[in-house]
Amino acid sequence: MPPIFAHIDCNNFYVSCEQTFDARLVGRPVIVLSNNDGCVIARSEAAKLLDVRMGVPLFQIEDLVQRHAIVVRSSNYALYGDMSQRVMQCLDDFSPHVEVYSIDEAFIDLSHVPPNRLTDVGQLLRARVRKWTGLPVSVGVAASKTLAKIANRHAKQSPKTNGVLSLVDSPHIDLALERIAVADVWGIGPAYAHWLRRRDITTARALRDTDEREIRRRMGVVGVRLVRELQGTSCLALEECPPPRHSVTVSRSFPGPVVLLSELREAVALFTTRAAEKLRRRNLAAGALTVFVATDRFGRGPQYRASTTVEIAHPSDATPELLRVALHSTEELYRVDCEFKKAGVVCTALAPTDTLPVRLWNQEKWDRLRGVMEAVDGVNARFGPDTVRSAAVGYQQTWRTRVAHRSPRYTTHWDELLCVD
DNA sequence: TCTGGGGTCCTAGGACCC
DNA sequence: TCTGGGGTCCTAGGACCC
């Protein structure tokens, strides 16, 4: 049986989450910002019509925001993450094989559905998600993931599709590819798009019809796979269980310059704490830890970016052990003449905790430490993040991410539940 | 004043091995 | 007058994704 993929994509996901819980925002220009309220990372349809570009820094469009009373929201990842899970749960009823691709996208296998029923099933799915979560989604169906993404794009843009388009056995496939710019094809980034356009390959259709050998020379096997996917030969399988991670990163930009070692230490301590929490949630231990620091790349002061990687003799997921390493690295990297703008920690050489070898020394101490971590995670899960924490993360936290316009975390915090008059 | 965060895969080239 | 062949592993860099 030939594979059939459906691609499900939430429309303007972050903005739609905001609108779902605040009906006054429906139909209005709304934007959601990145950390520190820096850049625009989601826009409502009305905001797109005002020509607010994806990724533009907020300070460059202050005028526009004022003039059109654009509603500005900080990122509320607690809300978006929870809403995402609810959307993904709806999909289980439509296919035994679901790949959660990102916070707002999924692929599902629909090869069990007869081709003439695909559009109906798509509509059913769309209505279900809308009813159960309040969120609008679009559905694209095709013989490969890449084509399904393209079908979805048309489903979003063309009103007559009513949000669902199947390109399976479709006479319109050439036209559908013709109308997609090559830069909008999944897997074509700015560098490849530039190269392709210089060769007069400007649409998805032209890319599909390009000689494979030419593509292989510049884009390698990834490019060849892409072209075949456009031809309708599935090369990218559904990935139902995500492969284990190779690294865990926690990094942030600071809202203002950080100059004191004490501040930098606090920040790195918090990032390390978060990274250790992530490791424990995923049952992984780090065999190496990298700390990196950087000055403001847009600033005029002295530029400095550096990192230190330390191997950890006994792979660990315990906050105190990782903190010791991270803080030591931070002191090595610190420079008194620099204004730091960003820092982060990266855990690598990850190993599942249940496969860790017994420690030659201090195994009992390690067992106790793991017990402590379990208790700390339990307390923090029940009474809120950082109820129990290391003193190293500080109390003033002048460097903390700015979130001036965040909406309530309606679905994950009891004290922020939606109230209706 | 103000410019995000967290990932992956592939390839080329060097070191090293027999 | 001529300098093998075929592997593996590691790393850095480039490209991409949301």
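No engagement by A:Leu33 is indicated, since no non-hydrogen atom pair under 4.0 Å with the nucleic acid exists. Contact annotation for A:Val221: backbone-only contact, meaning every heavy-atom pair under 4.0 Å involves sugar-phosphate atoms and none involves a base. At a threshold of 4.0 angstrom between heavy atoms, the contacts of A:Pro243 with the nucleic acid are absent. Note on A:Asp37: nothing from the nucleic acid sits closer than 4.0 angstrom, heavy atoms only. Counting any heavy atom pair closer than 4.0 Å across all strands shown, A:Val185 reaches sugar-phosphate atoms only and no base atom. The residue A:Glu105 sits close only to the backbone: its heavy atoms come under 4.0 Å of sugar-phosphate atoms, none of a base.
Enclosure of atom CZ in A:Arg198 by more than 12 non-hydrogen atoms of other residues, nucleotides or ligands within 6.0 angstrom is indicated.
Distances shown here put every side-chain N or O of A:Ser75 at or beyond 4.0 Å from the OP1 or OP2 atom of B:dG4. OP1 and OP2 of B:dC9 both lie 4.0 Å or more from every side-chain N or O belonging to A:Arg225. Taking 4.0 angstrom as the limit, A:Ser247 places a side-chain polar atom (N or O) nearer than this to OP1 or OP2 of B:dT8. Contact check, A:Lys341 against B:dT3: a side-chain N or O comes under 4.0 Å of OP1 or OP2. Proximity of A:Arg282 to the phosphate of B:dG7: a side-chain N or O atom is located under 4.0 Å from OP1 or OP2.
Set against C:dC18, C:dA15, B:dG4, the side chain of A:Arg297 has B:dG4 as its closest nucleotide. For A:Ser102, the side-chain atoms get nearest to C:dC18 when compared with the rest of C:dA15, C:dC18, B:dG7. Of the candidate nucleotides B:dT3, C:dC17, B:dG7, C:dC17 has the atom nearest to the side chain of A:Trp186. Checked against C:dC17, B:dG7, B:dC10, the side chain of A:Thr249 finds its nearest nucleotide in B:dG7. Here the side chain of A:His246 is nearest to one of B:dT8, B:dG4, B:dC2, namely B:dT8. Listed candidates were B:dG7, C:dC18, B:dT3. Nearest to the side chain of A:Lys278 is B:dG7. Comparing atom distances between the A:Tyr101 side chain and each of C:dC17, B:dG5, B:dG4 picks out C:dC17 as nearest. Looking at the side chain of A:Tyr192, the nearest of the listed nucleotides C:dC16, B:dG7, B:dT3 is C:dC16. Comparing atom distances between the A:Lys342 side chain and each of B:dG5, C:dC17, B:dT8 picks out B:dG5 as nearest.
Screening A:Thr249, A:Val248, A:Val250 for a side chain to side chain contact (heavy atoms under 4.5 Å, CB included) with A:Val346, the sole residue that qualifies is A:Thr249. Tested against A:Lys145, the residues A:Glu229, A:Glu99, A:His7 include a single side chain to side chain donor-acceptor pair (under 3.5 Å) partner, A:Glu99.
Position along DNA chain B of the nearest nucleotide to A:Arg216 versus A:Val250 favours A:Val250 as the more 5'-ward residue. Nearest-nucleotide positions on DNA chain B for A:Ser251 and A:Pro57 put A:Pro57 closer to the 5' end.
Separating the CZ atom of A:Arg300 from the C1' atom of B:dT3 is a distance of 14 Å, rounded to the nearest angstrom. The CZ atom of A:Arg218 sits 9 Å away from the C1' atom of C:dA15 (whole-angstrom rounding). Atoms CG (A:Asn35) and C1' (C:dC18) sit 15 Å apart, rounded to a whole Å. Straight-line distance from the OH atom of A:Tyr80 to the C1' atom of C:dC18: 15 Å, rounded to whole Å. Between the NZ atom of A:Lys145 and the C1' atom of C:dC17 there is a distance of 12 Å, given to the nearest Å. Atom-to-atom, CZ of A:Arg274 to P of B:dG7 comes out at 15 Å; the value is rounded to the nearest Å. As rounded to whole Å, 11 Å separates atom P of B:dT8 from atom CD of A:Glu239. We find that CZ of A:Phe292 is positioned 11 Å from P of B:dG7, with the value rounded to whole Å.
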Fill in: Secondary structure string for DNA chain B (Watson-Crick or G-U under 3.5 angstrom, | for other-strand pairs)
....||||||||||||||

Worksheet item: So A:Arg406 and A:Asp37, salt bridge (charged side-chain N to carboxylate O under 4.0 Å, His left out) or not? Walk me through it.
Response: CA-CA 10 Å; A:Arg406 194 180 65 201; A:Asp37 297 340; over 6 Å; no

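Remark: aromatic rings of A:Phe5 and A:Phe107 are distant, center separation not under 6.0 Å. The aromatic ring centroids of A:Phe383 and A:Trp414 lie 6.0 Å or more from each other.
A salt bridge does not link A:Glu374 with A:Arg280: none of the charged nitrogens is closer than 4.0 Å to a carboxylate oxygen.
Ring geometry, A:Tyr80 versus A:Tyr14: the interplanar angle falls under 30°, so the pair is classed parallel (tilted spans 30 to 60°).
Here CG of A:Asn380 is found 5.0 Å from OG1 of A:Thr387. Values are rounded to the nearest 0.5 Å. Rounded to the nearest 0.5 Å, atoms CZ (A:Arg126) and OG (A:Ser138) are 6.0 Å apart.
Comparing C:dC18 with B:dT3, their P atoms are spaced 25 Å from each other, to the whole Å.
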